[in-house]
Peer 1: 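Below is a structure I'd like to ask you about.
Residue indices begin at 1 and follow the sequence shown. Just so it is clear, the structure is predicted and the values come from calculations on it, not from any experiment.
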Amino acid sequence: MSIEQLLAGFAATGAESSFHGRHIQPQILADLDGSNWGLAAYEARGGYQALRKILAADGGEGLTQDQVIATVKESGLRGRGGAGFPTGLKWSFMPRQFPGQKYLVCNSDEGEPGTCKDRDIMQFNPHAVIEGMAIAAYAMGISVGYNYIHGEIFTTYERFEAALEEARAAGFLGNKILGSAFNFQLHASHGFGAYICGEETALLESLEGKKGQPRFKPPFPASYGLYGKPTTINNTETFAAVPWIIRNGGAAYLACGKPNNGGTKIFSVSGDVQHPGNFEVPMGTPFPVLLELAGGMRPGRTLKAVIPGGSSAPVLPAAMMMDITMDYDSIAKAGSMLGSGAVIVMDDTRCMVKSLQRLSYFYSHESCGQCTPCREGTGWLWRMVDRIENGHGRASDLELLDSVAGNIMGRTICALGDAAAMPVRGMLKHFRQEFEHHIEHKTCVVGAYV
């Protein structure tokens, strides 16, 4: 599929589309010059029409809670934070008749290496997140929500706070929204930059003022979440997609993607491409098209490998990636994950051992230390890879690396242990010869001395 065909496909769906060299924006990402983030510009793009529609404001038709959830289910929208769980199904888990307080939480703790989409959504289109959360709160009978924003993007936090003030002043948040009986208070919470707080229960602990460490599950947040009350947590991009779905219908959103992978997805493309950035494309877009949108490889270089879903996803070699479409099912079938949509592109100058050394250090540093397999195992992984990279590797290290990774996976409270182990196993599966070369020759196959 060419870029021209891709853009024609956007036009056929009726979605807004424009190509500005680095970014393609059919639905969620607004203009990137920084001037169109405010309420007036958002309403000019159709903003808050969905909220008016469900609340029967200004002559809107009105939708019941069940109708909103059914529309989201029909859309095929899956969680954009990494797990890919069906959004409408998650909303249906909320006990709407629960007599006490319930909570809605947006996970904007974007700390996965390579991921930068949520930051741009909140910077350039914050009202889409606010409206999406308000719609979700209405559907689940929730009156209080929080957006937990990563601690290292303070200017984005300030932008979101400014958008909240605009929404409150215009009557889109607060009590008796748009003259209805619906009440929803939404607050922003500034995190502390800890990667572990991207895990939903660690995020809840942090919101409560505690140390950000994951909780045992079950109980799940839908029954025991923030302050022990029923809570639904979704990613920033997930909420931002909801207003378009309500305005245009679930079937229209599903048609933008492919079966079981509805709509568009924002991919953060970084690494050895000419124009790194965020690109919103239909789910199921072939990887070569996404690579072309990012300007292709650097001059004179060839594609070697891609991490398709953030640093925790197993790496895939170039030959596999050129036949893959960018959706949950296709990438899972290839042995990796779509994850958060952080596509890290590596060319033929990249050493896989050094790349794994950096990733392993990150996960060892970010482990919260609660689980022994993760606390100890991530350190062992990093030290072994560091030893190989620095010319002191032993032939037995590769089997030991695989063994340690295997003993971490599935044995921790949260998925950080798996996130540290999967890159190791992916590298050994597809690029084992590079590790063997480092150990035997004390040099790197790409020509750089260790």
Peer 1: Q185 and S143: side-chain donor and acceptor closer than 3.5 Å?
Peer 2: no
Peer 1: Tell me the closest heavy-atom pair linking P243 and I135, and the distance in Å.
Peer 2: CA-CD1, 4.1 Å
Peer 1: What's the spacing between L416 CG and C371 SG if we round to 0.5 Å?
Peer 2: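 Answer for the CG-SG pair, L416 versus C371, is 9.0 Å.
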Peer 1: In this structure, are over 12 heavy atoms from other groups packed under 6.0 Å from R298 atom CZ?
Peer 2: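 Yes, enclosed.
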Peer 1: From I142 CD1 over to T232 OG1, what is the distance, rounded to the nearest 0.5 angstrom?
Peer 2: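 Rounded to the nearest 0.5 Å, the CD1-OG1 separation comes out at 5.0 Å.
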Peer 1: Quick one: does S360's side chain have a donor or acceptor within less than 3.5 Å of a partner on L356's backbone?
Peer 2: yes
Peer 1: In plain terms, say whether R215 and E205 are close enough for a salt bridge, that is, a side-chain N and a carboxylate O under 4.0 Å apart.
Peer 2: yes
Peer 1: Examine the side chains of N125 and R45 and answer whether a donor and an acceptor come within less than 3.5 Å of each other.
Peer 2: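 Indeed, the side chains of N125 and R45 share at least one donor-acceptor pair under 3.5 Å.
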Peer 1: Would you kindly say whether S206 and E208 are connected by a side-chain donor-acceptor distance under 3.5 Å?
Peer 2: no
Peer 1: May I ask you to check whether Y157 and F154 place their ring centres under 6.0 Å from each other?
Peer 2: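 For F154 and Y157, the ring centres are under 6.0 Å apart.
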Peer 1: Any carboxylate oxygen within less than 4.0 angstrom of a Lys/Arg side-chain nitrogen, looking at E280 and K265?
Peer 2: no
Peer 1: Restricting to non-hydrogen atoms, name the atom on A136 and the atom on F239 that form the minimum distance, rounded to 0.1 Å.
Peer 2: CB-CE2, 3.7 Å
Peer 1: Side chain of Q123, backbone of R159: donor and acceptor closer than 3.5 Å?
Peer 2: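 Not confirmed, Q123 side chain does not pair with R159 backbone.
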Peer 1: Keeping E166 on the side-chain end and L39 on the backbone end, is there a donor-acceptor pair under 3.5 Å?
Peer 2: yes
Peer 1: Side-chain donor-acceptor pair under 3.5 Å between E110 and N235, yes or no?
Peer 2: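 There is no such pair (donor and acceptor under 3.5 Å, judged by atom type) between the side chains of E110 and N235.
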Peer 1: Check whether the side chains of N278 and D120 place a donor and an acceptor atom closer than 3.5 Å, and report yes or no.
Peer 2: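 Looking only at side-chain atoms, D120 and N278 do form a donor-acceptor pair, the distance falling under 3.5 Å.
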Peer 1: Check I266, I149, I121 against T236 for a side-chain contact (heavy atoms from CB on, under 4.5 Å) and give me the one that passes.
Peer 2: I121
Peer 1: Would you say K117's side chain and R80's backbone share a donor-acceptor pair under 3.5 angstrom?
Peer 2: yes
Peer 1: I need the minimum non-hydrogen distance between S108 and N147, along with the two atoms involved.
Peer 2: OG-OD1, 2.7 Å
Peer 1: Output yes when a side-chain donor or acceptor of R411 lies under 3.5 Å from a complementary backbone atom of G406, and no otherwise.
Peer 2: yes
Peer 1: Sequence neighbours left out, cut at 3.5 Å: what donor-acceptor pairs do the side chains of residues 309-318 make with other protein atoms?
Peer 2:
{"from": "S311", "atom 1": "OG", "to": "Y363", "atom 2": "OH", "distance (Å)": "2.6"}
{"from": "S312", "atom 1": "OG", "to": "E112", "atom 2": "OE2", "distance (Å)": "2.8"}

Peer 1: In residues 83-94, what donor-acceptor pairs under 3.5 Å come from side-chain atoms, sequence neighbours left out?
Peer 2:
{"from": "T87", "atom 1": "OG1", "to": "L77", "atom 2": "O", "distance (Å)": "3.3"}
{"from": "K90", "atom 1": "NZ", "to": "I233", "atom 2": "O", "distance (Å)": "2.8"}
{"from": "W91", "atom 1": "NE1", "to": "N234", "atom 2": "OD1", "distance (Å)": "2.8"}
{"from": "S92", "atom 1": "OG", "to": "L89", "atom 2": "O", "distance (Å)": "2.5"}

Peer 1: How about F160 and T155: do any of their side-chain heavy atoms sit closer than 4.5 Å?
Peer 2: no
Peer 1: Ignoring hydrogens and geometry, is there a side-chain-to-backbone donor-acceptor pair from T412 to C374 under 3.5 Å?
Peer 2: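 No.
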Peer 1: Given the rule in the salt bridge (Lys or Arg N to Asp or Glu O under 4.0 Å) test, do D327 and K258 qualify, once you have shown the distances and angles that lead to the verdict?
Peer 2: CA-CA 8 Å; D327 58 83; K258 60 184 293 189; 3.3 Å; yes
Peer 1: Can a cation-pi geometry be assigned to K429 and F431, taking NZ or CZ under 6.0 Å from the six-membered ring centre and within 45° of the ring axis?
Peer 2: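 No.
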Peer 1: Could you check whether Y361 and W382 have their ring centres less than 6.0 Å apart?
Peer 2: yes
Peer 1: Would you say the side chain of M297 lies within less than 4.5 Å of the side chain of L291, judging by non-hydrogen atoms?
Peer 2: yes
Peer 1: On a heavy-atom basis, which atom in H127 and which in G38 lie closest, and how many Å separate them?
Peer 2: CD2-C, 3.8 Å
Peer 1: Among all residues two or more places apart in sequence or in another chain, which pass the ring-ring contact (aromatic ring centres under 6.0 Å, His included) test with H150?
Peer 2: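 Listed in chain order: nothing, the list is empty.
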Peer 1: Can you confirm whether L104 sits close enough to V144 that some side-chain heavy atom of one is under 4.5 Å from a side-chain heavy atom of the other?
Peer 2: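 Of all side-chain heavy-atom pairs linking V144 with L104, none is under 4.5 Å.
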Peer 1: Using a strict threshold of under 4.0 Å (side-chain N to carboxylate O), is an ion pair present between D66 and K73?
Peer 2: no
Peer 1: Looking at H187, I'd like to know if its NE2 atom is crowded, meaning that more than 12 non-hydrogen atoms belonging to other residues, nucleotides or ligands lie closer than 6.0 Å.
Peer 2: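 Yes, NE2 of H187 has more than 12 neighbouring heavy atoms, counting only those of other groups under 6.0 Å.
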Peer 1: Main chain of G191, side chain of D109: is a donor-acceptor contact present, judged purely on distance under 3.5 Å?
Peer 2: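 No, because the side chain of D109 does not come within donor-acceptor range (under 3.5 Å) of the backbone of G191.
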Peer 1: Which residues satisfy the ring-ring contact (aromatic ring centres under 6.0 Å, His included) test with F172, sequence neighbours excluded?
Peer 2: Y48
Peer 1: If you count the non-hydrogen atoms of other residues, nucleotides and ligands that lie under 6.0 Å from NZ in K217, is the total more than 12?
Peer 2: yes
Peer 1: Which heavy-atom pair separates I196 from C368 by the least distance, and what is that distance?
Peer 2: CG1-CB, 4.1 Å
Peer 1: State, with a plain yes or no, whether a side-chain heavy atom of I246 is found less than 4.5 Å away from one of I54.
Peer 2: yes
Peer 1: Would you call K304 and D348 a salt bridge, using N to O less than 4.0 angstrom?
Peer 2: no
Peer 1: For Y224, give me all partners under ring-ring contact (aromatic ring centres under 6.0 Å, His included), at least two apart in sequence or on another chain.
Peer 2: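 None.
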Peer 1: If I compare all heavy atoms of G81 with all of T238, which pair ends up nearest, and what's the gap?
Peer 2: N-OG1, 4.5 Å
Peer 1: Would you please name every residue forming a ring-ring contact (aromatic ring centres under 6.0 Å, His included) with Y227, sequence neighbours left out?
Peer 2: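 Here the qualifying residues are Y103.
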